[in-house]
Amino acid sequence: MYLVFEPTGDGRTNLAFCYSEEAVENPDYRGEQSPKLPEPEAVAPTQALAEAISDGAQTYLDTIREYDPDAGSEYVEPLLDELRERLDSIEK
């Protein structure tokens, strides 16, 4: 199963479960040949969703670092820093 995040352009993001790569790549395929409802399972405010993903990723990284203090330093930490900077720049 795949969880697909689809920004709608109005400050929200649709979350859809898909059961095949074809359904992930082609929204028109969903609900026709793919065993999936054509409507999203959830709609979330994009800002809040991005903040929750950032927080979850940081918690995961902190947990991993209890076992390996250098884990994520090369790739994950810079991505999280960039995400936080972007979120901070658009916060109200």
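Residue numbers run from 1 in the order of the sequence given. What you are looking at is a predicted structure, and each value in this text was computed from that prediction instead of being measured.
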Under the side chain to side chain contact (heavy atoms under 4.5 Å, CB included) rule, collect the residues that match up with L79, sequence neighbours excluded. none
Which atom pair, heavy atoms only, marks the closest approach of A50 to L87? CB-CD2, 3.7 Å
When clusters are formed from ILVMFWY side-chain contacts under 4.5 Å, directly or step by step, what else is grouped with I64? Y60
Residues passing the side chain to side chain contact (heavy atoms under 4.5 Å, CB included) test with F5, sequence neighbours excluded, are L3, T13, L15, L49, I53
Rounded to the nearest 0.5 angstrom, the OG1-CD distance for T46 and E6 is 11.5 Å
Does V24 sit in a hydrophobic cluster with other residues, and if so which ones, taking ILVMFWY side chains as linked at heavy-atom separations under 4.5 Å, directly or through other members? Y2, V4
Neighbour count >12 (heavy atoms, 6.0 Å) for atom CD, E21: no
D70 meets the salt bridge (Lys or Arg N to Asp or Glu O under 4.0 Å) criterion, sequence neighbours left out, with none
Can you give me the closest heavy-atom contact between L80 and S54, atom names plus distance? CD2-O, 3.9 Å
By side chain to side chain contact (heavy atoms under 4.5 Å, CB included) - contacts of E25 (at least two apart): none
Taking only residues two or more places apart in sequence or in another chain, which ones pass side-chain hydrogen bond (donor to acceptor under 3.5 Å, both in side chains) with D55? none
Can you give me the closest heavy-atom contact between L61 and A71, atom names plus distance? CD1-O, 3.4 Å
Who pairs with E77 by salt bridge (Lys or Arg N to Asp or Glu O under 4.0 Å), at least two apart in sequence or on another chain? R65
Which atom pair, heavy atoms only, marks the closest approach of S73 to P69? OG-O, 4.4 Å
State which residues pass side chain to side chain contact (heavy atoms under 4.5 Å, CB included) with R12; sequence neighbours excluded, sorted by chain then number. T8, D10, V43
Exceeds 12 heavy-atom contacts within 6.0 angstrom, atom CD of E66: yes
Any chance you could measure I90, atom CD1, to Q47, atom CD, to the nearest 0.5 Å? 4.0 Å
Spacing of CD belonging to Q58 relative to OG1 belonging to T63, to within rounding of 0.5 Å: 9.5 Å
Residues that E82 engages under side-chain hydrogen bond (donor to acceptor under 3.5 Å, both in side chains), provided they are two or more places apart: R86
